[in-house]
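None of these values were measured; they are calculated from a predicted model. We're numbering straight along the sequence, starting at 1. Quick note: numbers below take in every heavy atom, side chains included, and nothing from hydrogens, waters or symmetry partners.
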Amino acid sequence: MQKRYKFLVDILYFIVGTAVYSAAVNMFLSPNGISPGGFTGIAVVVNHLIGIPTGTALFAFNIPVLIIGYKKMGSRFVVKTAFVTILLSTVLNITERALPHFKIDGILASMFGGILLGVGLSLILLRGATTGGIDIVAKLINRKIRHLSVGKIILMADGVVIALNALVYKNAQSALYSVVAMYAATRMMDTLLYGADRGKIIYVITAHPDVICQKINRDIGRGVTRLAAVGGYTGESRTMLMCTVRVHEAATVHDVIKECDNSAFIVVTDAGEIIGEGFKRD
């Protein structure tokens, strides 16, 4: 029952998230020549040049990336992302025809489009998936070139997409508006996902601490602290794990733990503020 409920909540978040994301692209960004960045930004350019629906182009670009990601990163992460990618491609095509296209002032279009983009992406990330594309590419590159963070790789890729957008539309202003839209999206995501440097602390009592530590480190990139624990009733010695994560990472960590040890005892609590490596610097 719990798995079915979680699955239904995931689906609901993905549907609403892709709908909001698609509305941002088709109502505000694409009609005004503003790039949403990533593979979606490339798909918008392809749509402008040769008329292929944005969702169809996005899906085509994602196929090889998802295949490579499945081989390199495993099925758990990629299956969710593949589902979101297919859903997003479909919803983009539907809303491209069904929703109005607002050709308005560039600042208004970039702000409203960016805010909606951030809301849509946040809903998807909160359930442990992404929209695919450059996110997966960045994770794969980061595994080979550790000194380049995933964020920096995505930023560089988005810069190339924005430059391509300006070249195709022959308008330097469109590149500037794209930067505004991406800034608005990032700020909205920071607010919804991170709050005021908030996060989650996850405590795990398990008989398989080594496997769980390894998978959290490798798949999510978060550190884990081991604590010695003794059962008050049984007197048995156990290892307790403590992992501090961003809000949107909590669902993914939970899935990893259950995958490794279905009988693990898990406690999730809120962290009012997190200061340290990987989070806010004091």
Side-chain angles (χ1 to χ4, degrees), residues 13-48 53-55 57-58 84 87-89 91-126 129-135 138 150-152 154-198 246-248:
Y13 269 69
F14 294 156
I15 290 173
V16 176
T18 54
V20 174
Y21 184 101
S22 298
V25 173
N26 289 322
M27 291 177 66
F28 295 104
L29 301 180
S30 182
N32 294 281
I34 300 171
S35 174
F39 275 19
T40 307
I42 300 174
V44 167
V45 169
V46 170
N47 171 260
H48 175 75
T54 304
L58 177 65
V84 171
L87 183 62
L88 178 59
S89 300
V91 176
L92 275 169
N93 282 348
I94 293 172
T95 56
E96 192 173 346
R97 296 187 297 269
L99 293 178
H101 299 172
F102 295 126
K103 291 191 175 181
I104 56 177
D105 177 76
I107 288 292
L108 289 176
S110 58
M111 289 300 295
F112 277 98
I115 289 170
L116 288 177
L117 207 66
V119 171
L121 284 169
S122 296
L123 291 172
I124 293 167
L125 289 170
L126 278 169
T130 73
T131 55
I134 286 176
D135 292 340
V150 172
K152 287 180 180 177
I154 293 175
L155 183 63
M156 289 187 288
D158 283 339
V160 173
V161 174
I162 290 174
L164 176 64
N165 184 80
L167 186 65
V168 168
Y169 285 97
K170 298 179 181 178
N171 185 355
Q173 283 189 339
S174 68
L176 300 178
Y177 289 139
S178 297
V179 173
V180 173
M182 296 174 98
Y183 177 78
T186 301
R187 293 297 297 172
M188 179 56 65
M189 290 171 66
D190 284 346
T191 300
L192 294 178
L193 296 177
Y194 306 147
D197 297 298
R198 294 179 182 271
R246 295 293 190 184
V247 174
H248 72 280

Item to check | Which residues share a side chain to side chain donor-acceptor pair (under 3.5 Å) with Tyr21, sequence neighbours left out | outcome: Thr40
Next on the checklist: I'd like to check the side chain to side chain contact (heavy atoms under 4.5 Å, CB included) partners of Leu176; sequence neighbours left out, ordered by chain and number.
Outcome noted: none
Item to check | Partner set under side chain to side chain contact (heavy atoms under 4.5 Å, CB included) for Ser178, not counting sequence neighbours | outcome: Ile34, Ser35, Ile162, Asn165
Checklist entry - Within the distance-only criterion (no hydrogens, no angle test), does the side chain of Ser89 pair as donor or acceptor with the backbone N or O of Gly55 below 3.5 angstrom? => result yes
Next on the checklist: Could you measure the distance from the OG1 atom of Thr18 to the CG atom of Leu121? Nearest 0.5 Å is fine.
Outcome noted: 11.0 Å
Checklist entry - Can you list the residues that meet the side chain to side chain donor-acceptor pair (under 3.5 Å) rule with Asp158, with sequence neighbours excluded? => result none
Checklist entry - Is there a side chain to side chain contact (heavy atoms under 4.5 Å, CB included) between Leu117 and Leu29 once you walk through the steps? => result CA-CA 10 Å; Leu117 207 66; Leu29 301 180; 4.2 Å; yes
Next on the checklist: Checking Phe112 now: which residues fulfil ring pair (Phe, Tyr, Trp, His ring centres under 6.0 Å) with it, not counting sequence neighbours?
Outcome noted: Phe28
Next on the checklist: Looking at every non-hydrogen atom in both residues, tell me the closest pair between Ala43 and Thr54 and how far apart they are.
Outcome noted: CB-O, 3.5 Å
Item to check | Pairwise distance CG(Leu58) to CG(Asn47) - rounded to 0.5 angstrom | outcome: 11.5 Å
Item to check | Minimum heavy-atom distance between Ala24 and Gly113, given as atom pair plus value | outcome: CB-O, 3.3 Å
Checklist outcome for this item: One should read off an interatomic distance between Leu92 CG and Arg97 CZ, to the nearest 0.5 angstrom, of 11.0 Å
Checklist outcome for this item: With sequence neighbours left out, the residues meeting side chain to side chain contact (heavy atoms under 4.5 Å, CB included) with Val168 are Val45, His48, Leu49, Leu164
Checklist entry - Ile15: what forms a side chain to side chain contact (heavy atoms under 4.5 Å, CB included) with it, not counting sequence neighbours? => result Ile11, Leu87
Checklist entry - Is there a donor-acceptor pair under 3.5 Å between the side chain of Ser30 and the backbone N or O of Asn26? => result no
Would you mind writing out the side-chain donor-acceptor pairs for residues 98-109 within the sub-3.5 Å range, not counting sequence neighbours?
| from | atom 1 | to | atom 2 | distance (Å) |
| --- | --- | --- | --- | --- |
| His101 | NE2 | Glu96 | O | 3.0 |
| Asp105 | OD2 | Ile107 | N | 3.1 |
| Asp105 | OD2 | Leu108 | N | 3.4 |

Next on the checklist: Would you compute the distance between atom CD of Gln173 and atom CG of Asn32 and round it to the nearest 0.5 angstrom?
Outcome noted: 11.5 Å
Checklist entry - What are the two closest heavy atoms between Val180 and Ser110, and how far apart are they? => result CG1-OG, 3.4 Å
Item to check | Sequence-distant partners of Tyr183, ring pair (Phe, Tyr, Trp, His ring centres under 6.0 Å), two or more places apart | outcome: none
Item to check | Gap separating the CD1 atom of Ile124 from the OH atom of Tyr13, nearest 0.5 angstrom | outcome: 12.5 Å
Checklist outcome for this item: What one should report as the nearest heavy-atom pair of Ala157 and Ile134 is CB-CD1, 3.7 Å
